[in-house]
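Presented below is the structure to which this report refers.
Every value quoted in this text rests on a predicted model; they were computed, and no experiment measured them. Computation of the quantities below employed the complete heavy-atom set of this structure, encompassing side-chain atoms and omitting hydrogens, waters and symmetry-equivalent molecules.
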Number of protein chains: 2
Amino acid sequence: MTELSISTVSRVLNGKAKQYRIGIKSQQKVIEAAKKLQYVPNHFAANLKSGRSGTLALIIPSLNNPFFANIASEINIELRKLDYIVIISDSNENMETEKKEIQQLAARNIEGLIIVPCGDQWIHIKELENKGIPVVCIDRYFENLDIPYVSTDNFEGAFRATNYLIENGHKHIRCIQGSQSSTPNRLRVDGFCDAMKKAGLKNYEISGNNFTFENGYLETKLILQKENKPTAIFTFSNTIAMGCIKALREENIQIPKDISLITFDDHPYLDYLSTPLSCIAQPVSNISKMAVQFIYSKIQNQQIDISQVLLKPEMKLRSSVNKIN
Amino acid sequence: MTELSISTVSRVLNGKAKQYRIGIKSQQKVIEAAKKLQYVPNHFAANLKSGRSGTLALIIPSLNNPFFANIASEINIELRKLDYIVIISDSNENMETEKKEIQQLAARNIEGLIIVPCGDQWIHIKELENKGIPVVCIDRYFENLDIPYVSTDNFEGAFRATNYLIENGHKHIRCIQGSQSSTPNRLRVDGFCDAMKKAGLKNYEISGNNFTFENGYLETKLILQKENKPTAIFTFSNTIAMGCIKALREENIQIPKDISLITFDDHPYLDYLSTPLSCIAQPVSNISKMAVQFIYSKIQNQQIDISQVLLKPEMKLRSSVNKIN
DNA sequence: AAAATATGCACAAACGTTTGTTCATAAAAA
DNA sequence: TTTTTATGAACAAACGTTTGTGCATATTTT
C-alpha cells in the first residue's frame with residue numbers, strides 16, 4: 001500500500017521517525033495509509049517484543065462497596081490519561097482469590113499493580129514486586145514493609161471522631177470495627193482508645209470483625225441486648241454504618257436522640273439519610289491520584305524519596321451526634 | 001530442566017496432552033518442573049499465536065454510579081468464573097471517549113464487548129462487531145439494530161410506577177427524565193405517558209435531559225418555581241432522585257407529605273433515607289448474568305435464538321408516595 | 001573530483017508461545 | 001520374522017510487531 005517496509009511503518013507510528021531519520025514524505029504516506037486502513041497495531045505482538053504491556057492492574061476487595069468503586073473510578077480515569085489500560089479485579093475480600101488474581105495478572109505482564117490488600121498476608125504481593133513489577137498499596141497496607149502506600153491517617157481520623165463524641169458529652173461509647181488484620185483498622189482502634197484514655201474514659205468496648213453490612217447489623221443487635229446501652233456508636237466503615245442503622249431502626253432507636261452515630265467513610269447518600277450522618281471522610285480522590293503518581297514514577301524507574309503517605313481525613317459534621325448533659 | 005521440547009511443555013500445560021499423546025511420565029515431569037520454576041506462560045506470546053486473548057471488555061458510562069458499579073461487579077465476577085479477564089472502561093457519558101475506548105480495546109484483541117452505550121450513535125459499535133468481535137448491549141441499547149441486548153422492560157416499569165401514583169390519587173405528576181437519546185429513557189417516557197393517557201390525565205409534563213445528580217437538582221428547582229406544583233415526581237434514575245431530594249429539602253418540601261416521589265433504580269441506601277424511597281428496581285444481577293451468557297455463547301459461535309431480552313422490573317414500595325384525596 | 005559525512009530506508013532477528021507435521025521407536029498383527 | 005499400527009515427542013513455521021544494523025544515495029567538506 002505504502003510501498004514502505006514494515007519497520008518504517010512501525011517507527012513512524014511509534015513516533016520514532018526522527019530517531020531513525022525517516023523522511024517527512026514517508027511519514028505522511030504512512031500516517032495517511034494508517035488512517036485509510038484504520039490500522040490498529042496488535043498489542044500482543046508489540047508487547048511481546050517490547051515487554052511493555054501498557055496495562056496496569058487494580059485489585060480491590062469489592063466493587064460493590066461505594067468507597068472502593070469510587071477509588072476504582074478515580075484510578076481508572078487517571079490511568080487512562082497516561083494511556084494505560086487497567087484491569088480491575090475484585091478479590092471479594094478473599095485471600096485465596098487475591099492470590100489467584102495476582103498470579104493471573106502476572107501472566108499478563110502487567111506493568112504495575114495498585115492493590116487494596118484484603119488480608120494480613122503479603123508474601124504473594126512481595127513476590128510480585130520482586131519480579132520487578134511495581135506495587136502500590138492503597139487504603140490498606142503493611143507497616144514495616146517497604147512497599148509504597150497511600151492511605152488515610154486513620155489514627156487521626158479515629159482520634160478526632162472520638163474526641164468529637166467526647167466533646168459532646170459522650171462517656172459510654174461503643175466501636176464496631178472491621179477486619180482486625182488490616183492496618184487501618186488497627187490504627188483506628190488505637191486512635192479511638194487513645195482519645196478515650198486521654199479523656200480518662202474507661203467505659204468503652206470494641207467489637208466486630210469485618211467491614212460488612214452484616215457485621216454492623218449483628219454487632220449493633222448485640223450491643224442493644226445489653227442492659228447498659230452506650231450513648232454513641234462509632235462505626236469503622238460505611239458498610240458497617242448501614243448495618244448499624246438497620247439494626248437501630250428495627251429496635252426503634254432514634255439517631256441521635258437515643259444513640260449518636262459517627263462513621264468512617266463518606267458518601268453522597270449520607271446527607272439524605274433520615275438523620276444525616278456525620279463521618280470521617282477519606283480523601284479518596286487524592287489517595288487515588290497519589291497512588292497513580294507513585295506507580296507511574298516507579299514504572300519509569302524514577303526514585304521517589306517518600307513513598308509511604310498518610311493523607312489527612314476530613315470530619316464532616318452532619319446531625320447524627322447529640323450533645324448530651 | 002525437563003529435557004523435553006518446548007512444544008511438549010506447551011501441550012501438557014494446555015491440557016492437550018492426550019490429543020497429542022504425551023506420555024504420563026513426561027506430563028508429570030513437565031508439571032513438576034513448572035511448579036518448581038513457578039512458570040507462568042506469557043500471555044502475549046500465547047495470544048499472538050492463538051488469537052485468543054482471554055480478555056473481554058466492559059464499557060459503562062460511570063463507575064461512580066452505583067447502578068453501573070453494581071453491574072460491573074456482577075459481570076466481573078461472572079466472567080472470572082469463565083476464566084476471562086475483564087477490562088472495565090468508563091466512558092464518562094462521553095461519546096468521544098467511548099469511541100476512543102473501543103478503538104483501544106480493539107487493538108488489545110478483546111474477544112468480546114459488553115457495553116452500556118452512552119449515546120445514540122452506534123456505528124463504531126457495529127464496526128467492532130463487523131470485525132467479528134461479539135458485542136452485547138446492556139441497560140441501554142438500540143432497537144432495530146441486530147446487536148443482542150439485555151435490559152429492563154422500561155416501558156412496563158414506568159407504566160407501573162405511574163399507575164401506582166395514579167392509584168394513590170395523584171393527578172398532577174412531573175417526570176424528570178435522563179438522556180433523551182437513550183432507548184430506555186424513551187420507553188420510560190412512553191410508559192409514563194401511556195399510563196397517564198389511559199387514566200385520562202392530562203396534567204403532566206416531562207423535563208430534564210441527563211441521568212445526573214445536577215439534572216435532578218436543577219429540574220426540581222425549576223418545578224418548584226412554578227405556581228402550580230405537582231403532587232408527585234417520578235425520577236428516571238437514582239442519581240436524578242438524589243438531586244431531586246436535595247432540591248426538595250432545600251425548599252423545605254416534605255416527602256411524601258407535600259410531594260410524593262418515586263424513582264427508577266434501587267439501592268440499599270434508599271431504605272435508610274429520611275423517607276425511604278419507593279422505586280422500580282431493575283434486575284441487575286439477572287441482566288448481568290444473561291449478558292455474560294450471551295457474550296459467552298457468541299464467543300463460542302453458538303447460535304442463540306433470542307438475543308434481545310427485556311427483563312421485568314420489580315416495584316419496591318417504601319414510603320415516599322402519599323395517598324391523597 | 002575525491003573523500004567524508006548525513007540522510008533515508010530495508011533487512012532480518014527476536015519476543016515466547018501454539019500447532020501441523022514428521023520421525024523414531026515400541027507394540028501388535030500378519 | 002516382517003509388516004502394520006500405535007505411541008511418544010521433537011522440529012519448525014508462524015503470530016505481528018520492535019529494533020539493531022547495514023546498505024545505498026544524497027549532500028557536504030576538503
Side-chain angles (χ1 to χ4, degrees), chain A residues 1-35 37-55 83-85 103-111 131-133 299, chain B residues 1-55 83 85 103-111 131-133 299:
Chain A
M1 172 72 44
T2 61
E3 298 175 347
L4 287 168
S5 79
I6 298 178
S7 44
T8 303
V9 173
S10 167
R11 296 200 235 255
V12 171
L13 261 26
N14 287 339
K16 303 194 176 175
K18 239 169 270 174
Q19 187 184 339
Y20 283 96
R21 301 168 314 202
I22 309 292
I24 287 280
K25 274 189 204 164
S26 302
Q27 292 188 38
Q28 287 173 338
K29 261 201 228 168
V30 168
I31 290 169
E32 235 174 85
K35 252 192 200 150
L37 302 178
Q38 293 215 59
Y39 173 76
V40 249
N42 180 326
H43 262 260
F44 289 120
N47 300 157
L48 176 57
K49 190 67 180 72
S50 67
R52 297 196 58 252
S53 68
T55 305
D83 270 329
Y84 277 97
I85 281 242
Q103 276 285 321
Q104 282 218 25
L105 292 168
R108 281 166 192 263
N109 283 19
I110 52 165
E111 290 184 43
K131 281 183 195 156
I133 299 175
I299 288 174
Chain B
M1 170 72 46
T2 61
E3 298 173 349
L4 288 166
S5 80
I6 297 178
S7 44
T8 304
V9 172
S10 168
R11 298 201 232 254
V12 170
L13 261 26
N14 286 340
K16 303 194 174 170
K18 238 170 270 173
Q19 188 184 338
Y20 284 96
R21 300 167 315 202
I22 310 291
I24 287 282
K25 273 189 207 166
S26 301
Q27 292 190 37
Q28 287 174 339
K29 261 202 228 168
V30 168
I31 288 168
E32 236 174 84
K35 254 192 198 151
K36 203 177 298 172
L37 301 179
Q38 294 216 59
Y39 173 77
V40 249
N42 180 326
H43 262 259
F44 290 119
N47 300 157
L48 176 58
K49 191 67 181 72
S50 66
R52 297 196 57 252
S53 68
T55 305
D83 269 329
I85 282 241
Q103 275 285 320
Q104 281 218 24
L105 292 169
R108 282 168 192 261
N109 283 23
I110 51 164
E111 289 183 42
K131 282 183 194 157
I133 299 175
I299 288 175

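- A close approach under 4.0 Å does occur between a side-chain nitrogen or oxygen of A:T8 and OP1 or OP2 of C:dA10.
- With contacts defined as side-chain heavy-atom distances shorter than 4.5 Å, the pair A:N47/A:S50 qualifies.
- If you measure from atom CZ of B:R21 to atom P of C:dT25, you get 16 Å, rounded to the nearest angstrom.
- Rounded to an integer number of Å, the gap from B:L48 CG to D:dT17 C1' is 8 Å.
- Of the candidate nucleotides C:dG16, D:dG16, C:dC11, C:dC11 has the atom nearest to the side chain of A:R11.
- In this entry the distance linking CZ of A:F44 with P of D:dA14 reads 22 Å, nearest Å.
- Rounded to an integer number of Å, the gap from B:I6 CD1 to D:dC11 P is 10 Å.
- Between B:N47 and D:dC15, a side-chain N or O to OP1/OP2 separation shorter than 4.0 Å is absent.
- Spacing between atom CG of B:L13 and atom P of C:dT19 amounts to 13 Å, rounded to whole angstrom units.
- No donor-acceptor distance shorter than 3.5 angstrom exists from the side chain of B:Q27 to the backbone of B:V12, with no hydrogens or angles considered.
- B:I24 places its CD1 atom 19 Å from the P atom of D:dA6, with the value rounded to the nearest Å.
- Other residues, nucleotides and ligands place more than 12 heavy atoms under 6.0 Å from the NZ atom of B:K131.
- The side chain of B:Y39 places no N or O atom within less than 4.0 Å of a non-bridging phosphate oxygen (OP1 or OP2) of C:dG16.
- OP1 or OP2 of D:dT18 lies within a sub-4.0 Å distance of a side-chain N or O belonging to A:N14.
- The A:N42 side chain lies nearest to D:dT17 when the options are D:dT7, C:dC9, D:dT17.
- With rounding to the nearest 0.5 Å, the separation of OG1 in B:T55 from CD1 in B:I110 is 8.5 Å.
- Using a 4.0 Å cut-off, no side-chain N or O of A:S10 falls inside it from OP1 or OP2 of D:dT17.
- Under 4.0 angstrom from either OP1 or OP2 of D:dT21 there lies no side-chain N or O belonging to A:Y20.
- What separates CD of A:Q28 from P of C:dG8 is a distance of 13 Å, to the nearest Å.
- Contact annotation: B:S7 side-chain N/O to C:dT19 OP1/OP2 distance is not under 4.0 Å.
- Nucleotide C:dA10 holds its P atom 13 Å from the CD atom of A:Q27, rounded to whole Å.
- Nearest to the side-chain atoms of B:K16 among the listed nucleotides C:dC9, C:dT19, D:dT17 stands C:dT19.
- Side-chain contact between A:Q104 and B:D83 is present, with at least one heavy-atom pair separated by less than 4.5 Å.
- One finds no side-chain N or O of A:K49 lying less than 4.0 angstrom from the OP1 or OP2 phosphate oxygen of D:dT19.
- Nucleotides of DNA chain C nearest to A:I22 and B:A46 differ in position, and the one nearer the 5' end is that of A:I22.
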